[in-house]
Structures are given as structure tokens and as C-alpha cells.
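Nothing here was measured: the structure is a model prediction, and the numbers come from that model. For the numbers below, each heavy atom of this structure counts, side chains included, while hydrogens, waters and symmetry mates do not. Labels below follow one simple rule: chain letters A, B, ... track the order of the sequence lines, proteins then strands, and each chain is numbered from 1.
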Amino acid sequence: MNNAPVGAPTTPSSSLPVVSDDRAEKRQQLINDAVIRLAGNSQDGIQAIGGFLARLAGRSAQEVMTYMTIPSTISGGPSIFQVRIGSGEVLSAGDEADFLVAFYQHSYKDHISFLKKGGIVLYDSDHVQPDLADKNYIYVGVPMTGLTVEALGGTAKDKGKNIFVLGLLAKIFDLDVTKLEKLMTERFGKKDTSVLNNALMAFHAGYAFPVGNIIDLYKFESAEARPGARAQVTMDGNQAIAYGLLAGGVRYGAAYPITPWTTIMETLRSELPKYGGLFVQCEDELASVSMALGFAFAGHTAITGSSGPGISLKTEAIGWASMAEMPLIVVNIQRGGPSTGLPTNVEQSDLNQAIFGGHGDSPRVVLAPQSVEDCFYIAIEAARIARKYSTPVFILSDASLATRIEAFEEPNLKELMINPKIDLSPREPNFKPYPLEKITQHAPPGSKIPEGQYPLITGLEHDELGHPTGSPKLHLAMTAKRRNKLRVLAEEIPVPEVYGPSEGNILLVGWGSTYGPIREAVDKSRATGDSVSSIHLRHIHPLPNGLEKVFEGFNHVLVVEMNDEGVYGYGQLASILRARYCNPKIQSVTKTDGLNYKVREILDRTKASLETALIKR
Amino acid sequence: MSAETTIPASSQTPAQPDKLTKKALTADHPTWCPGCGDFAVLSSFYKVLEKKNLPHENIVTLAGIGCSSRFPYFVNGHGAHFIHGRAVPFSSGVSLSRPDLHVFVFGGDGDGYSIGGNHLDHGARKNIKLMYVIMDNFVYGLTKKQTSPTSPIGYKSKTDPTGAIDRPVNPIKKLISNGATFIARTHATNPAHMIQMMERGMEHNGFAVIECLSECVEFYPGAFDAANPRKGGAFNLIDEKKWDGTAEDEARHDVTDEVAAFKLANEPFPGLFGVFFDVDRPTKNQLEKKWIDSSREKLAGKSDLDILQSTFDRMK
Ligand SMILES: Cc1ncc(C[n+]2csc(CCOP(=O)(O)OP(=O)(O)O)c2C)c(N)n1
Ligand code: SF4
Ligand SMILES: [Mg+2]
């Protein structure tokens with residue numbers, strides 16, 4: 001809680017219930033930002049609590065961001081869900097938590113260090129024995145398991161504990177009970193009524209617990225919606241990509257499951273039939289990219305996607321898309337690599353693969369969304385670019401964006417929605433599938449070519465009609481044709497705005513999911529008088545024209561990314577920017593711990609790398 | 001298809017006024033070696049297309065990589081030359097999303113049974129509507145004589161100089177066990193039979209595969225002489241049941257009996273020719289369409305925008 005630090009530590013509650021009836025409820029404090037970390041096992045349904053809190057915040061015009069880890073094992077295993085709710089702009093899920101909800105001893109032990117000094121540990125006193133001697137924290141023990149069992153009539157074992165905790169949090173933060181009940185009804189009401197009734201009973205048991213006798217209660221400052229703003233929608237990054245694709249006119253796709261990509265294909269598989277489209281689960285990634293290209297050849301804007309290992313398998317066919325000039329969207333939800341790597345951790349180490357993956361000179365477009373909201377818009381843009389330039393387009397998201405829930409202003413679907421059309425009109429008699437002087441536009445089967453030669457779409461080097469050729473002149477001309485269309489695209493990409501003054505000492509350059517923490521780092525640095533600005537790239541390949549002018553305004557350009565500095569000491573984007581601009585000012589800040597950047601880390605690493613950079617020079 | 005997309009729904013597109021001729025269908029002159037079996041497959045395909053008189057713009061010829069996979073360049077029609085081994089999933093994408101098109105796939109034994117072997121299994125299992133002619137020469141032609149998945153044991157290739165040692169794939173058995181709904185075997189030296197098989201394959205509503213022995217005169221000459229009467233071999237036909245109730249009919253092959261088909265496929269080389277298996281099973285095309293139709297029915301004419309908007313309303 002940034003603006004309202006918790007007051008003097010209250011007496012730790014050792015044995016429970018420690019509610020003394022003679023103590024009056026403590027007062028309510030107004031706050032504008034809170035980070036709550038829920039720690040338990042993956043089967044405890046803590047994601048559900050986080051989800052409810054996030055949706056509630058979304059409905060209250062508040063900003064919200066979540067962060068979660070899921071164990072890669074199938075059942076059980078520790079899991080956390082962190083929710084940050086704010087009345088102002090929420091940029092990251094927060095470095096430190098104000099509240100820790102600990103279900104088990106291991107949850108307490110593993111996560112207490114993430115709690116800020118003076119923070120509150122809300123623990124299940126049936127399972128957790130905290131170290132009460134550590135006076136850095138405030139302890140609130142609640143027999144969550146026992147009280148839940150009691151509330152539900154002792155039949156439900158541990159089930160419902162999560163909803164009990166939701167009730168408890170609703171009390172602590174004076175959350176809107178009516179709205180929460182409505183959310184629960186929407187979520188559980190479809191099943192048989194006993195499920196909803198149990199949930200409501202557990203919720204009210206938690207809500208009735210007299211926690212106010214132990215600690216202060218809080219209330220979020222009411223967030224005023226921007227005048228004229230549309231209502232907020234709440235979803236995770238993978239949903240945002242899936243719905244963005246639907247809005248962008250994508251109706252066909254194929255893929256093979258892999259974490260953390262899978263939820264996109266699950267959504268599309270069930271949603272697309274409603275739109276008259278189809279998503280196919282294939283036998284492997286080779287088949288799925290091939291089928292997506294079959295859809296593209298048939299005249300559709302098609303999508304395939306995967307994570308790490310699966311993208312490697314698709315590489316050969318993506319090269320075909322480059323050569324044959326077929327529109328195709330490839331979504332890569334990056335995770336830690338190489339090989340099976342860290343399947344449920346975050347990393348930005350597939351940038352080189354996206355730009356250069358595969359044999360030969362095979363130009364393709366690479367876009368990277370910076371937030372959940374941006375996942376939606378970038379998917380629409382990817383579809384537009386794929387169609388306009390007849391090219392494969394990568395969307396490089398990551399494990400962090402994929403599972404993170406954010407609330408954002410509802411997009412204006414009426415304006416954005418693209419209705420797909422296939423142009424089967426007869427082409428001119430001498431139609432050329434690969435005209436040298438124009439950007440290729442595919443004539444899908446079904447289009448008549450009067451008296452002419454039908455086009456052949458091919459991965460062999462070809463002439464303008466698609467005939468195979470080994471002509472040096474044509475390979476030169478066609479290679480240039482495939483590359484030049486990306487140069488044309490670069491001209492229409494705007495240079496992103498610099499966050500902070502456009503001149504100063506340090507410019508932080510980021511891409512992808514590090515957007516929030518980098519901005520927060522800029523805010524914090526500026527607050528302490530340091531001259532730091534940032535720029536965030538969404539178009540990675542081709543880069544927008546004119547970045548060199550932005551770089552001119554700063555003494556140091558530090559590229560912050562979650563990948564390895566490699567043999568030569570520069571991360572993947574840093575290497576590309578150095579190659580592109582030959583500017584020794586460009587330095588690299590990288591890390592490979594599989595975790596999101598904390599704001600603190602960016603600040604520390606920036607300082608450290610500046611020091612070494614100065615020594616190097 | 002959303003309301004705005006305009007694709008004729010039926011594959012029974014009206015016949016065109018101009019008769020489809022061999023001339024209209026002929027494209028580049030084939031780059032195959034003189035005498036290659038694949039020439040005969042191509043001219044049989046022209047003949048079947050002429051006879052069927054399909055709308056020219058709706059004929060689609062697709063292939064992977066190999067000598068045989070060069071096929072699409074030699075047919076004047078919409079076509080694509082994809083990558084090695086992946087012709088089946090690529091073609092499945094075309095078939096599933098465009099019911100108005102006639103999808104024909106051509107390729108070799110390496111393309112179909114080795115690098116693409118898994119895709120063949122899954123295309124068969126999914127029963128995608130298309131016709132796939134596999135021009136089997138028991139060798140890798142394009143890469144100049146390496147062992148193929150159908151090379152017989154003992155065949156001397158550049159990768160098996162002392163003779164192939166791995167048990168060859170039995171294509172017919174592979175196809176039966178994976179659920180292909182039309183399986184035939186023919187020989188490029190018998191155009192009349194090839195044409196007959198292709199016609200039936202085209203008429204079949206489902207995954208129709210024709211295994212077609214097609215000699216590579218360059219790297220495996222004489223491979224199929226044993227199945228060529230002009231070379232002293234025997235072209236033994238499958239005697240299909242006529243369902244005429246006669247006593248002779250008892251002994252004939254029931255094309256819907258997969259155990260019987262499996263037994264026929266066990267005949268030693270040169271084996272039997274004709275239709276091994278032919279059954280009706282709903283295609284993936286039909287099953288997916290059924291799901292799409294029922295999903296759309298429930299939405300009672302809502303536009304794409306309305307549907308997405310109501311999803312977003314639920315996320316508020
Ligand atoms: C991924 C990949 N691996 C290998 C090759 C090389 N290659 C091209 S065709 C071929 C085999 C062709 O044999 P087959 O499919 O039987 O066709 P044929 O030439 O005999 O008609 C091979 C190995 C390739 N093009 N792509
Ligand atoms: S190498 Fe063999 S398969 Fe290839 S064209 Fe020549 S004869 Fe035909
Ligand atoms: Mg072969």
C-alpha cells in the first residue's frame with residue numbers, strides 16, 4: 001500500500017481465535033494500491049480468488065494486474081497468485097507484497113521474504129505456525145480450514161477454503177459484496193445450485209470473521225472512470241490474443257498443445273465455430289503450421305502458434321511462407337529455453353529465432369505486445385500486416401503476459417471488427433502470382449484466370465508466374481522483393497513515444513512484457529532525481545525508422561531484456577540494435593532467472609551496467 | 001463461414017459451359033526422365049479431369065517434395081508445391097476450409113510413407129475429404145537413389161550399398177489400420193486401371209488414397225516388371241463382390257471388410273490391384289461443419305460483432 005503504510009504493528013495473534021469482544025473494530029484506512037500474494041498449492045483454487053479480485057477491480061474502474069506461477073507438475077505443487085489493485089495506473093504486479101495469504105507452512109516459509117516490512121501475513125492457523133518472534137510483520141492467524149469445514153457442514157474437506165479467504169479479503173478491503181456475489185453467481189450458478197450455495201456460505205463465513213478486531217481495515221479510494229471512458233474488461237494475455245485474432249478477421253487456425261500457448265488454442269477451438277470458422281488440433285507442430293498454410297493458400301488469414309520447442313518444429317514451413325509469400329500469423333508464447341527448458345517460466349529468448357529462425361534469407365514480421373491490452377490490439381495488427389504484405393507475422397508474447405490478468409478499457413469492437421472476405425473474383429488474363437514490381441497478393445483457388453495460366457504457389461525459387469528457376473538474376477530480384485516489402489512496412493510504423501523527457505542521461509529500451517516494470521523504474525528514478533527515460537518497442541522486425549534520432553538524445557542507451565548476454569555481452573534485442581545503428585552507446589541489461597523483472601532489479605542492474613560500461617570505455 | 005464470406009457451399013459446382021480439355025489442363029512440360037512412370041499418371045489424371053469436366057478454377061493440385069511431387073507444375077490449375085512430407089496437412093487445410101474445391105494430392109513413397117508417414121496416419125484417421133495418389137517407385141528418385149520406406153529387403157541403394165535391411169512398409173496395411181476410407185492399388189503401366197481407380201477415388205467422400213506403382217527408370221528400372229504382363233508379369237485384380245447373390249460372389253472380396261482387406265494386402269509382391277477398402281464414414285469436413293452449423297444455429301443470426309461483443313460483456 002503505497003500511500004498508506006500500515007500503522008504501528010498490532011499485537012501478533014498467536015492462538016486463535018484471538019478475538020476479544022471488548023476491543024472495538026479498528027478504523028478504516030483509505031488506500032490506493034495494494035499487492036496481495038496468495039500462496040498455496042495449485043489445487044486450492046487460489047487462481048479463482050485472484051480471478052474474482054481482478055474482475056471486481058475491473059468492474060470498479062480500478063486498475064489491476066495479476067501474476068501467477070503454476071507448477072509444471074500436473075497435480076499439487078506450490079502455486080502463487082499475486083494481485084495488485086490500484087486506483088491509479090498499475091504497471092507491474094509489484095515487487096513486494098503488502099499482504100501474504102499463506103495456506104501452508106511451505107507457503108509461509110517460501111513467501112514471507114516477499115512481504116514488505118510491516119506487511120500483514122494472513123495465515124491458516126490450522127496448517128501454519130509462523131515465526132512470531134520476527135517483528136517485521138503483522139500476524140493474523142485464521143483457522144481457515146476449520147472454519148470452512150464448519151461453514152459447509154463438514155462435508156467438503158478443504159474445498160471452499162479459497163472462497164472463505166475471498167470473504168475475509170472482502171472484509172479487510174471493504175470490497176463490494178453485491179458485485180462479488182454477482183461474480184460468484186456468474187461463475188458457479190451454471191452448475192447445480194448447491195455449488196453456488198456452498199460458495200456463498202464459505203464467502204459469508206469468511207466475511208463474518210471479526211478480522212477487524214485484529215488489524216486495521218482498508219478501503220480503496222474510489223477510482224473515477226475517465227469521463228467518456230468505456231467499461232473495463234478483465235482477461236489474461238492469451239485471451240486477449242485469441243479475441244484480438246477474432247476481431248482481426250482470423251477464422252482458421254491449427255496447432256498442437258504446449259504450455260503456456262495452449263489456452264489460446266482452447267479458446268479458438270471453442271469460439272471459432274460460432275463465427276463459422278475452425279480451429280484444428282493436429283498431430284504435431286509440423287502438421288499444424290502446414291494446415292494453417294493450407295488455410296492461407298485457400299484464401300484465409302490463418303493462425304498457428306506454440307511455445308519454444310513447437311516453434312522450432314514449425315520453422316521449415318515458416319520459411320515456405322516467406323518464400324511462397326503466404327499470409328500467416330505465428331504466435332509464440334515464450335517460455336524459458338532451450339529445449340524443454342523452464343516450461344512455466346518467463347523468458348524473452350526467442351527473439352532471434354523469430355527474426356532469423358530457419359534457413360535462407362526468409363524475411364518475416366515480428367511484433368511484441370507490451371501488456372494484456374496490447375495483446376488484443378497487436379493481434380489485430382498482425383492480421384492486417386499478414387494480409388497486406390502477404391507475409392508470416394510473429395506475435396512474440398511470453399509466459400508472463402499469457403497468464404497475467406489485467407483490466408482495460410473495453411475496445412471499440414464496432415470500429416475494430418474485421419469481417420473476413422475471400423476475393424474469388426476473376427483475375428486479369430495475365431495474372432502473376434509473384435509480380436516483381438508489386439507486393440504479392442494471392443489469388444486463392446476458385447478465382448478464375450480467363451484464358452491464362454493458373455498460378456503455382458511454391459517454395460522453390462521462381463519467376464513471376466511461379467515457375468521454378470535457378471536463374472541468378474531472378475533469385476537476386478526475388479530475394480530483394482521479399483525483403484523490400486518489409487522496408488515498405490517499416491515506413492508505416494510510428495516511432496514509439498519516449499516515456500519521460502526526450503533528452504537525458506539514460507534511455508531504457510524494452511520490448512514485450514517488461515513494459516510495466518521499466519516504466520515504474522523510470523518513475524522511481526526520476527523521483528530520486530536521476531535522468532532516466534524509456535522507450536518500448538512493439539515492432540521488432542522491421543524496426544520503425546528514426547530510432548537513431550531518439551538515441552541521440554541520451555548518453556546511455558540500455559536495452560533491458562530477459563535473455564542471456566551471449567558470448568559477446570549483449571542480449572538479443574541489444575545485438576540487433578547495435579548491428580542496426582552501430583552505436584556503441586547501446587548497452588545491455590539482461591537476466592535469465594526465469595522470473596519477471598522487478599522494478600528494484602532494473603534500477604540496480606541499470607546502475608551496475610552503467611558502472612561497467614564506464615569502466616569499459 | 002461468416003455471413004460476409006462468399007464461398008459457394010457445395011462441391012457440386014455447376015459444370016462450366018466450356019468443356020475442360022487436355023490443352024487447357026496442360027502446363028509446363030514435365031521435367032521427369034524420359035520413360036519415368038509418372039508421365040502415365042499425369043496423362044491419366046488429365047483424362048479423368050476431362051471426363052469429370054470439373055470447373056477449372058476449382059481444381060487444386062497439391063504436393064510435397066520429390067520427383068513425383070513436381071506434379072502440380074504440370075497441371076494448369078490452382079496449385080501449390082509445399083515442403084517435403086507435409087502435403088497431407090497442407091491439403092487438409094485447403095479441403096476443410098473450402099468445400100467448393102476439389103483437392104488432389106500427389107507425391108512419392110518417401111514423401112508419403114517416411115517423412116510424412118505420421119501425417120498420412122492422421123489424415124486417414126480424420127477422414128479428410130481429398131484424393132491422394134502416391135506414386136511409389138520403391139526409391140528416392142529426386143535425391144538420386146537412397147533406400148525408401150518401400151524398398152524391398154536386399155535393394156542396393158547408395159545408402160544401403162550391400163542391400164536394404166529394414167523391413168519395408170506395407171502401405172495398404174498402414175492405411176487400413178489408420179482408418180483411410182478408400183484404399184486402392186494400381187500400376188502406372190495400366191492407364192485404364194489407373195483411370196478407373198482415380199475416378200472412384202474422386203467420387204469417394206473421404207480420405208481416398210491410391211497407391212500407384214510408378215517405375216523410376218533411372219534408379220530402379222524393372223522394379224515392377226513382375227506386375228506388368230507385357231514384361232512377363234501378372235497384373236492380378238481384386239475380384240470385388242457384386243452382391244448378386246450368386247455362389248461365385250461368396251468368394252469375392254467385400255470392400256467394406258477391413259480384415260479381408262488386410263488379408264489381401266498380405267499377398268506377396270507383386271500383390272493385388274484394385275480396391276481393397278471402401279467404406280462410408282463421416283468425414284472431418286462433415287463433422288466440423290455439423291458443429292459449426294449447430295453453434296451458429298444457437299446464435300440465431302447474430303453477426304460476428306454481436307457475438308464478440310457479448311463475450312466482452314461477460315468479461316466486464
Ligand atoms: C526436410 C527435407 N528433407 C529432405 C529433403 C530432400 N529430399 C527431397 S525429395 C526426397 C525423397 C524423395 O523421395 P520420394 O518421396 O519417394 O519421391 P520420388 O522422388 O521418388 O518421386 C528427399 C529426401 C527435403 N527436400 N526436405
Ligand atoms: S529419377 Fe526416377 S522418379 Fe525421378 S524423374 Fe527420373 S525416373 Fe522418374
Ligand atoms: Mg520414391
Side-chain angles (χ1 to χ4, degrees), chain A residues 55 58-59 186 231-235 243 246-247 251-252 254 271 273-278 280 282-284 286-288 290-295 297-300 302 316-317 320 324 410-411 413-414 417 419-422 424 444-449 453-460 467-468, chain B residues 1-8 27-28 56-60 62 65 70 72-73 75-83 85-98 100-101 118-119 121-122 284 288 291-292 294-296 298-299 302-305 307-309 311-312 314-316:
Chain A
R55 304 245 348 235
R59 286 191 182 180
E186 284 166 16
Q232 295 207 93
V233 286
T234 310
M235 65 184 85
Y243 293 120
L246 289 173
R251 295 292 177 271
Y252 287 90
E271 288 301 307
K274 301 180 191 163
Y275 300 79
L278 173 65
V280 178
C282 289
E283 58 271 27
D284 58 28
L286 308 158
S288 52
S290 303
M291 190 176 285
L293 284 167
F295 292 142
F297 171 77
H300 310 287
E316 187 199 359
W320 185 87
E410 182 192 12
L413 294 179
K414 222 181 239 153
M417 196 82 185
N419 282 314
K421 284 191 184 72
I422 299 187
L424 298 183
S447 335
K448 270 202 170 85
I449 315 281
Q453 268 176 307
Y454 278 85
L456 208 288
I457 303 307
T458 172
L460 276 171
H467 297 292
Chain B
M1 230 62 43
S2 61
E4 279 74 12
T5 323
T6 45
I7 291 173
D28 304 4
H56 198 166
E57 67 278 12
N58 289 355
I59 297 169
V60 186
L62 308 168
I65 301 290
R70 287 226 155 195
Y73 293 111
V75 180
N76 185 31
H78 285 284
H81 189 215
F82 194 52
I83 55 175
R86 321 293 169 207
V88 166
F90 183 88
S91 310
S92 302
V94 181
S95 168
L96 288 171
S97 67
R98 290 290 302 277
D100 55 323
L101 301 177
N118 192 37
H119 305 314
D121 294 350
H122 288 270
K284 185 171 180 69
E288 295 288 357
W291 187 28
I292 293 170
S294 73
S295 308
R296 299 210 34 100
K298 279 188 211 124
L299 293 160
K302 270 190 174 178
S303 71
D304 288 4
L305 172 62
I307 303 166
L308 192 56
Q309 186 60 58
T311 305
F312 273 58
R314 279 198 301 277
M315 290 190 289
K316 281 180 194 161

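Side-chain contact check for Ser303(B) versus Met417(A): every heavy-atom pair is 4.5 Å or farther apart. Looking only at side-chain heavy atoms (C-beta outward), Tyr275(A) and Leu308(B) come within less than 4.5 Å of each other. In this structure the side chain of Tyr243(A) reaches within 4.5 angstrom of the side chain of Met315(B), judged on heavy atoms. Proximity of Leu286(A) to His119(B): side-chain heavy atoms (C-beta onward) are separated by under 4.5 Å at one or more points. For the pair Lys284(B)/Val280(A), a side-chain contact is recorded, criterion being any heavy-atom separation below 4.5 Å from C-beta on. Contact of the Arg251(A) side chain with the Asp304(B) side chain is registered, since non-hydrogen atoms from C-beta on lie closer than 4.5 Å.
Contacts with chain B were tallied for Cys282(A), Ala231(A), Pro455(A); Pro455(A) has the most, counting heavy-atom pairs under 4.5 Å. In terms of non-hydrogen atom pairs under 4.5 Å with chain B, the most contact-rich of Ser288(A), Gly446(A), Ala287(A), Ala254(A) is Gly446(A).
Between the side chain of Arg98(B) and the main chain of Pro445(A), a donor-acceptor pair closer than 3.5 Å is present.
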In sequence, state the C-alpha distance, the side-chain angles, and the governing distance for Asp121(B) and Glu283(A), and then conclude on side chain to side chain contact (heavy atoms under 4.5 Å, CB included).
CA-CA 9 Å; Asp121(B) 294 350; Glu283(A) 58 271 27; over 6 Å; no
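Proximity to chain A (any heavy atom under 4.5 Å) is restricted, for Glu288(B), to the side chain, taken from C-beta onward. In this structure, chain A has heavy atoms under 4.5 Å from both the backbone and the side chain of Asn118(B). No part of Ile59(B) comes within reach of chain A, as not one of its non-hydrogen atoms sits under 4.5 angstrom from that chain. When heavy atoms are compared at a cutoff of 4.5 Å, Ser294(B) does not approach chain A at all. Looking at Val94(B), the atoms closer than 4.5 Å to chain A (heavy atoms on both sides) sit in the backbone and in the side chain alike. Heavy atoms closer than 4.5 Å to chain A are found in both the backbone and the side chain of Ile307(B). The parts of Ala247(A) that come within reach of chain B are both its backbone and its side chain, each placing non-hydrogen atoms under 4.5 angstrom from that chain.
Rounding to the nearest 0.5 Å gives a distance of 12.0 Å between CG of Leu246(A) and CG of Leu305(B). In this structure, Ile83(B) CD1 and Leu293(A) CG are separated by 8.0 Å, a value rounded to the nearest 0.5 Å. Rounded to the nearest 0.5 Å, atoms CD1 (Ile457(A)) and CZ (Phe90(B)) are 8.5 Å apart. Rounded to the nearest 0.5 Å, atoms CD1 (Ile449(A)) and NE2 (His56(B)) are 9.5 Å apart. The line from CH2 of Trp291(B) to CG of Leu278(A) is 8.5 Å long, rounded to the nearest 0.5 Å.
Scanning both residues, His78(B) and Pro444(A), for their nearest heavy atoms gives CE1-O, 3.5 Å. Heavy atoms only, all atoms of each residue included: Phe82(B) and Ala317(A) are closest at CZ-CB, 4.2 Å. Across all their heavy atoms, Pro411(A) and Phe312(B) have their closest contact at CD-CE2, 3.5 Å. Tyr252(A) and Ser97(B) get closest at one heavy-atom pair: CE2-CB, 3.5 Å. What you find for Gly77(B) and Tyr454(A) is that their closest heavy atoms are C-CB, 3.2 Å. Minimum heavy-atom separation, Arg314(B) to Arg55(A): O-NH2, 2.5 Å.
Contacts of Lys316(B) classified as salt bridge (Lys or Arg N to Asp or Glu O under 4.0 Å), with partners at least two apart in sequence or in another chain: Glu410(A), Asp313(B).
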